[in-house]
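Only one structure is covered here, and it is reproduced in the block below.
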Amino acid sequence: MDAEHHDQPDLIVTQPWVRSQPTDIEHAIIIENKDTYQAMPTVEHAICILGNGYAATSHITTLLPWLTTIPNIIYWGDMDANGLDILSKLRATGIPCTSILMDTTAYRTYEQYGTQFDAKNKPLTTQTPQPTPGLTTEERKLYETLCTGTDIQYLRIEQERIPIRDATTILHDQHHWPIDIPGNDIPNNNTK
């Protein structure tokens, strides 16, 4: 995300990144979906990590051992049972992250973008909530609602349907990310 590296190709980390690790990174965001990852704007001293669903929970602390030293780590995934389960499991790896747009207020705000289908276009079904010790009270409340379908129309709101400008505004206003948000310079990725 940093302008100094923004013109470079994306890095794919397959071995622990310990040599030439970034030392000036103050902000990190772990994104669940590729469309949102590609839509993230340039941000000084920040890195965007494509978590690619549950892949983020497998080896992230082994591949990026310095990640836990970054002072401001955010996770943003789909608002569905799996997205919240990923968040819980990610925190269990030792990543001290805060979530954005993954609570009941966000669900109600973006409910019009909901769907009853998974990423493979298969119908979603309700399920029994499982233990998610890494979730906050608000995140757990949404998780249970999305598992049971109680008082909601959709079991999933895809991350990429939420306007990227809304997410970057939250990063700027609530998490003090150095993002310029003038006019409409930040692309909107809710046109799928």
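Worth knowing before you read on, the calculation uses all heavy atoms, side chains too, and leaves out hydrogens, waters and symmetry mates. All residue numbers refer to positions in the sequence shown, counting from 1.
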In Thr69, Ile47, Leu67, the residue satisfying side-chain contact (heavy atoms from CB on, under 4.5 Å) with Ile25 is Ile47

Identify the heavy atoms of Thr148 and Thr126 that sit nearest to each other, and give their distance. O-CG2, 3.3 Å

Do the non-hydrogen side-chain atoms of Thr145 and Asp151 ever get within less than 4.5 Å of each other? no

How far apart are the closest heavy atoms of Glu139 and Met102, and which atoms are they? CG-O, 3.6 Å

Would Arg108 and Ile152 count as a side-chain contact (heavy atoms from CB on, under 4.5 Å) here? Give the steps. CA-CA 9 Å; Arg108 295 297 177 202; Ile152 59 171; 3.8 Å; yes

Check whether any side-chain heavy atom of Thr132 lies under 4.5 Å from a side-chain heavy atom of Lys89, and answer yes or no. no

Do Tyr154 and Asp80 pair up side chain to side chain, a donor and an acceptor below 3.5 Å, judged on atom types alone? no

Are the side chains of Ser58 and Tyr54 in touch, meaning some heavy atoms are under 4.5 Å apart? no

If we only count heavy atoms from C-beta on, is the Gln159 to Trp76 side-chain gap below 4.5 Å? yes

Where the side chain of His45 meets the backbone of Asp24, is there a donor-acceptor pair that is under 3.5 Å apart? yes

If the plane angle is over 60° it's perpendicular, under 30° parallel, otherwise tilted; pick one for Trp17 and Trp66. perpendicular

Please find the pair of heavy atoms, one from Arg156 and one from Leu146, that lie closest to each other, and give the distance. N-CD2, 4.5 Å

Drop me the distance from Asp103's CG to Thr137's OG1, to the nearest 0.5 angstrom. 11.5 Å

Given the rule that I, L, V, M, F, W and Y join up when any side-chain heavy atoms are under 4.5 Å apart, are Phe117 and Tyr107 in one cluster? no

Considering only heavy atoms from C-beta outward, does the side chain of Thr68 approach that of Ile95 to under 4.5 Å? yes

Rounded distance [0.5 Å steps], CD1 in Ile60 versus OG1 in Thr62: 10.0 Å

Flag the pair Gln130 / Asp85 as yes when at least one side-chain heavy-atom distance between them is below 4.5 Å, and no otherwise. no

Tightest non-hydrogen contact, residues Asp78 and Glu160, listed as OD1-OE1, 3.9 Å

Does a side-chain heavy-atom distance below 4.5 Å link Ile100 with Gln174? no

Could you check His27 against Ile70 for side-chain contact (heavy atoms from CB on, under 4.5 Å), going step by step and ending with a plain yes or no? CA-CA 6 Å; His27 308 279; Ile70 294 174; 5.6 Å; no

Measuring from atom CG of Leu171 to atom OG1 of Thr98, what distance do you get when rounded to the nearest 0.5 angstrom? 10.5 Å

What's the separation between atom CG in Asn52 and atom CD in Glu32, rounded to the nearest 0.5 Å? 8.5 Å

Would you say Gln15 has more than 12 foreign heavy atoms packed within less than 6.0 Å of its CD? no

Could you check Met79 against Ile162 for side-chain contact (heavy atoms from CB on, under 4.5 Å), going step by step and ending with a plain yes or no? CA-CA 10 Å; Met79 275 190 275; Ile162 296 173; 3.6 Å; yes

Heavy-atom distance under 4.5 Å between the side chains of Gln116 and Pro123, does that happen here? no

Smallest separation among heavy atoms of Gln127 and Ala81, with atom names: NE2-CB, 3.3 Å

CD1/Ile73 to CZ/Arg91 distance, rounded to the nearest 0.5 angstrom? 11.0 Å

When rounded to the nearest 0.5 angstrom, what is the spacing between CD1 in Ile30 and CG in Leu50? 10.5 Å

Which pair of heavy atoms, one from Cys97 and one from Leu87, lies closest together, and at what distance? SG-CD1, 3.9 Å

